[in-house]
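I have placed the structure first, in the form of structure tokens, so that the comments after it can refer back to it.
Only this structure's heavy atoms are used, side chains among them; waters, hydrogens and symmetry mates stay out. Residue indices begin at 1 and follow the sequence shown.
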Amino acid sequence: MKGRLSIASLILSLLSQAQTIQMLHAGWEFKMDSADQVWRPAEVPGTVHQDLIKQGQIEDIYYENNELRYQWIETKNWLYRTEFTIPAGAGPQTLVFEGLDTYARIFLNDSLLGFASNMFRQWEFDLKGLPAGKHCLRIEFISPYKHLRKKVQEYPYQLPAGSEKGALKVSPFCRKAAYHFGWDWAPRVVTAGVYRKVYLRSQGPYIKGITTSVLAIRDSTVFVQWDYDIEGAQEGYQIELQSQRFDLERKTSDGSQFAPLRKAIRKARLWWPHTHGEPYLYHDTLRLYKGDSLIDTHPFKYALRTVELVQEADSLGTPFYFKINGKAIFARGANYIPQDMLLPRVKDQQYRRLLLQAKAANMNMLRVWGGGVYEKEIFYRLCDSLGIMVWQDFMFAGTMYPANEQSFLTNVSAELEDNIQRLSKHPCIVLWCGNNEIEVAWKNWGWQKQYGYSKADSTILWRAYQSLFDSLIPKKLKAFDSNPRPYVHTSPLSNWGHAENFKHSSMHYWGVWHGGDNFEAFADNVGRFMVEYGFQSFPDYRNLRRVISLENMHLDSEVMQNRQKSYVGNQEILRQVKRYYSEPEDFEQFIVLSQKVQQKALKKAIAAHRTQQGYCMGSLIWQLNDCWPGPSWSIIDYYGQEKAAYQTVRQGFGKNYWRVDGPVLTFVVEEALELNLTLRYRRPEKTTESISISKAFTAPGVYRINLEEEPATKQAQRDLELRYIEALFSNE
């Protein structure tokens, strides 16, 4: 009995020192500001729109024009509350919100605890001294429209925010997902709520995180550094990693950083994009001790890889491509946007399904676009394990920002620290990018004239841009990305309006669609790295019917016109449908043909990029997915259904790509290849014959075979008067 008591006491002693988490997701209620007397059940994590739908106060926001009917929601303040209990002996606690959307006053037992002003940040509040027992937590979410109205009206310049729908442009001042205010593929749905996890964390030493950096690779040996973050550790603590225990050694006098650990890993297995190898992940655990007592454990995964962005001038202009582990990679993939307007509705299985679809389409890179959100951990964990590289934008898009104000920079500074530290441990991230299309807009879209900026105004606004994207972000990356990777201040770095620019750096090509160019223009407008390009289509008829009544299922209905958010609109789709096919018989046929012309557009674009591989080293379609059911550039609709163009993209992004141009076959191979080629010919009477030839490609590259110069095919054409139709090949 004595022995049992001793063991039990030891277990309790260890548990009492360990980090504990108490989730606060139960028992929430909500109501509209102080005038509403009725508290209704709420879901956390969630948004007020979700709660209103669940309680029957509003209908589906995606049905017909409901997004317009319910825009009153963003003009109101919303109250949320719950109760929680701190058990006796629990010790001091920290209240943690992983995401509050966006302006919120937090009250504890009717006393103001603090104010939140950024949906991209984690907010923590020290509850030291709070006694055990029951407590009331209340949050007042303030309308961004109300909170920022005076600020916008008094600001000396009107900031562009061209994609924001509505007269009062508040989005440049609001650290909230830009697409919530409307985009050319998104409705305006300005959400509010506790949209990510909320919990109590016991105070005391704990492991905040660990990142892995590759210092060098020598043959099969990789030299590794681990940087770890320990909160609240004092003298006498130790960490254990790789079966070795070390005393905590402070790197800085205040203890905010600790000396890293270094090790040589023999016979190391590297992480590769799935198109070039195995995305191998190591598994390990970091442990924190004080004497013989285990204080905290932190299981983690890490990968061994190097990344380099090559931008040095060459004989053709300025390249832009990635090297992973020293190997040049042709990036093929898409731009990713949030999967819903109501972010908490996106479940883990939806992330898994979408990213598996991306991998199955032979994509090895996704760009997390800068008008959405820094995604949840599951997104990056899946990209790590699936071998999908991530181009990570910071959340700035399509406007100038008030970065000449210290309060704005202070807020953004905390946002950057949170997200760089959180995301830098993921090997999938190969690039940080400051913003989406701001520099190209400033220099080419005529904002200065449109908004009446004087020369002095322009100087102030551009210096504000530089202070954020050329100064603050690089400084934060240097301080908090312990696994350094490349940074570019904007995308694109070249504008598609001038032919010379296609020789230089990254490119968003919108001559097709916005410029009205026909699809053949893709072949003549190939840049060094194509970050955006595409063509719209509609989702399948059945999926559109889920949100639109039968009587409104035609292009001229007010509902369908509102569903199209692009200013170019349905007329461009219809123009290309008529060009390649004919006048659609009805709306259902129009939808089918819209997807077919999208197929044609992407096939021509990808063919142009792949057959100039080497000069062009990246092809990212706009866009992978949707945030609501409607026409857009996506190849996978809101419900996860693949459009016709998905298969075109899958084929175009294959490891070994080929294309037919009359008698010339172009092959793009990414490794040395022995090719057995089967050529099919058709007689005038439509019977077919096949001829086999063999080819050896000695190195990766682009190869062209002129069939008129091949003895076998030349003889066949002469003797049989056959016409070449297609080529099939396989690796044997």
Review point. CZ of Arg353 to CD1 of Ile636: how many Å apart, nearest 0.5 Å?
Key: 8.0 Å
Review point. Is there side-chain contact between Tyr228 and Ile207, with heavy atoms separated by less than 4.5 Å?
Key: no
Exercise for review: Go through Arg201 and Glu124 one step at a time and tell me if the salt bridge (charged side-chain N to carboxylate O under 4.0 Å, His left out) criterion holds.
Suggested key: CA-CA 10 Å; Arg201 184 184 66 225; Glu124 298 188 2; 3.2 Å; yes
Review point. Do Phe394 and Tyr487 have side-chain heavy atoms sitting under 4.5 Å apart?
Key: yes
Point to revise | Heavy-atom check, side chain of Leu343 versus side chain of Met119, under 4.5 Å | key: yes
Side chains of residues 132-139: which donor-acceptor pairs under 3.5 Å do they make with residues two or more places apart or in other chains?
residue: His135; atom: ND1; partner: Asn109; partner atom: ND2; Å: 3.0
residue: His135; atom: NE2; partner: Pro131; partner atom: O; Å: 2.7
residue: Arg138; atom: NH2; partner: Asp110; partner atom: OD1; Å: 3.3

Check your understanding: Under a 4.5 Å cut-off applied to non-hydrogen side-chain atoms, are Leu286 and Ile239 in contact?
Key -> yes
Point to revise | Side-chain donor-acceptor contact under 3.5 Å, Asp393 with Asn436 | key: no
Review point. Would you find more than 12 non-hydrogen atoms of other residues, nucleotides or ligands less than 6.0 Å from Lys197 atom NZ?
Key: no
Revision key, fill the gap. Rounded to the nearest 0.5 Å, the CG atom of Leu281 sits from the NE2 atom of His426 at a distance of 10.5 Å
Practice item. Would you please say whether a donor-acceptor pair under 3.5 Å links the side chains of Asp626 and Trp628? Key: no
Check your understanding: Could you give the distance from CD1 (Ile388) to CG (Asn364), rounded to the nearest 0.5 Å?
Key -> 8.5 Å
Exercise for review: Return yes if a side-chain donor-acceptor contact under 3.5 Å exists between Tyr380 and Gln392, otherwise no.
Suggested key: yes
Practice item. Verify side chain to side chain contact (heavy atoms under 4.5 Å, CB included) between Ile106 and Leu112, making sure each step is shown before the conclusion. Key: CA-CA 6 Å; Ile106 299 94; Leu112 181 64; 5.9 Å; no
**Study point:** Inter-residue atom distance Met341.CE - Gln50.CD, 0.5 Å rounding
**Key:** 12.5 Å
**Study point:** Shortest non-hydrogen separation from Arg367 to Ser491 and the atoms involved
**Key:** NH2-CB, 4.1 Å
Check your understanding: So with a 6.0 Å cut-off around NZ of Lys359, is the heavy-atom count from everything else above 12?
Key -> yes
Check your understanding: Does any donor atom in the side chain of Gln357 or Glu642 lie under 3.5 Å from an acceptor atom in the other side chain?
Key -> yes
**Study point:** Flag for Gln225-Arg262: side-chain donor and acceptor within less than 3.5 Å
**Key:** yes
Point to revise | side chain to side chain contact (heavy atoms under 4.5 Å, CB included) assessment of Cys627 paired with Gln339 | key: CA-CA 5 Å; Cys627 64; Gln339 297 177 55; over 6 Å; no
Exercise for review: Go through the structure and list residues passing side-chain contact (heavy atoms from CB on, under 4.5 Å) with Glu29, not counting sequence neighbours.
Suggested key: Trp39, Arg81
Exercise for review: Report yes if some heavy atom in the side chain of Ser471 is under 4.5 Å from a heavy atom in the side chain of Lys475; otherwise report no.
Suggested key: yes
Exercise for review: Apply the test side chain to side chain contact (heavy atoms under 4.5 Å, CB included) to residues Leu113 and Leu127: give CA-CA distance (whole Å), side-chain angles for both, the deciding distance (0.1 Å), then the verdict.
Suggested key: CA-CA 9 Å; Leu113 193 60; Leu127 303 188; 4.0 Å; yes
**Study point:** Within the 6.0 Å centroid threshold, strictly below: His147 and Phe115
**Key:** yes
Review point. For Arg287, which residues count as a side-chain contact (heavy atoms from CB on, under 4.5 Å) partner, sequence neighbours excluded?
Key: Glu240, Thr285, Tyr289, Leu294, Thr297
Could you list the donor-acceptor pairs under 3.5 angstrom formed by side chains in residues 321-328, with sequence neighbours left out?
residue: Asn325; atom: OD1; partner: Thr306; partner atom: N; Å: 2.9
residue: Asn325; atom: ND2; partner: Trp271; partner atom: O; Å: 3.0

Check your understanding: Do we see a donor-acceptor contact under 3.5 Å between the side chains of Gln203 and Tyr206?
Key -> no
Review point. Strictly under 6.0 Å, is that where the ring centroids of Phe141 and Tyr80 end up?
Key: yes
Review point. If we ignore angles and hydrogens, is there a donor and acceptor under 3.5 Å between the side chains of Asp247 and Gln238?
Key: yes
Check your understanding: Between Asp126 and Thr94, is any side-chain donor less than 3.5 angstrom from a side-chain acceptor?
Key -> no
Check your understanding: Is the closest side-chain heavy-atom distance between Trp28 and Glu43 below 4.5 Å?
Key -> no
**Study point:** Results of side-chain contact (heavy atoms from CB on, under 4.5 Å) for Asp284 - residues two or more places apart only
**Key:** Leu241, Gln242, Phe300, Tyr302
Check your understanding: Roughly how far apart are Leu342 CG and Ile53 CD1, rounded to 0.5 Å?
Key -> 6.0 Å
Point to revise | Thr275-Lys655 side chain donor-acceptor pair, cut-off 3.5 Å | key: no
Practice item. May I ask you to check whether Asn625 and Ser634 show a side-chain donor-acceptor distance below 3.5 Å? Key: no
Review point. Which pair of heavy atoms, one from Ala26 and one from Thr82, lies closest together, and at what distance?
Key: O-OG1, 2.9 Å
**Study point:** Glu670/Arg332 ion pair, N-O < 4.0 Å
**Key:** yes
Check your understanding: Hey, what's the ring geometry for Phe125 with Trp123, parallel, tilted or perpendicular (30° and 60° as the breaks)?
Key -> parallel
Check your understanding: Do Glu377 and Lys425 come close enough that some side-chain heavy atom pair is under 4.5 Å?
Key -> yes
Check your understanding: Are Ile21 and Val96 close enough, and set up right, to give a side chain to side chain contact (heavy atoms under 4.5 Å, CB included), and what steps lead you there?
Key -> CA-CA 10 Å; Ile21 299 292; Val96 181; over 6 Å; no
All N/O donor-acceptor pairs, side-chain side in residues 208-224, below 3.5 Å, sequence neighbours left out:
residue: Thr211; atom: OG1; partner: Ser482; partner atom: OG; Å: 2.3
residue: Thr212; atom: OG1; partner: Trp226; partner atom: NE1; Å: 3.1
residue: Ser213; atom: OG; partner: Ser482; partner atom: O; Å: 2.5

**Study point:** Donor on one side chain, acceptor on other, Thr20 and Ser202, under 3.5 Å
**Key:** yes
Check your understanding: Using 30° and 60° as the class limits, which term best fits the ring planes of Trp78 and Phe30: parallel, tilted or perpendicular?
Key -> tilted
Check your understanding: Between Asp340 and Tyr638, do the side chains contain an N or O donor and an N or O acceptor separated by less than 3.5 Å?
Key -> yes
**Study point:** Trace of the salt bridge (charged side-chain N to carboxylate O under 4.0 Å, His left out) decision for Arg485 with Asp481
**Key:** CA-CA 8 Å; Arg485 64 210 85 196; Asp481 184 6; 3.2 Å; yes
**Study point:** Check: Glu375/Tyr351 side-chain N/O donor and acceptor closer than 3.5 Å
**Key:** yes
Review point. What about the rings of Phe469 and Phe396, do their centers lie closer together than 6.0 Å?
Key: yes
Revision key, fill the gap. Separation between CD (Glu415) and CZ (Arg175), nearest 0.5 Å, reads 4.0 Å
Point to revise | Electrostatic pair Arg105:Glu140 at N-O distance under 4.0 angstrom | key: yes
Point to revise | Test item: Val488 and Gln311 side chains (from C-beta on) under 4.5 Å apart, heavy atoms | key: yes
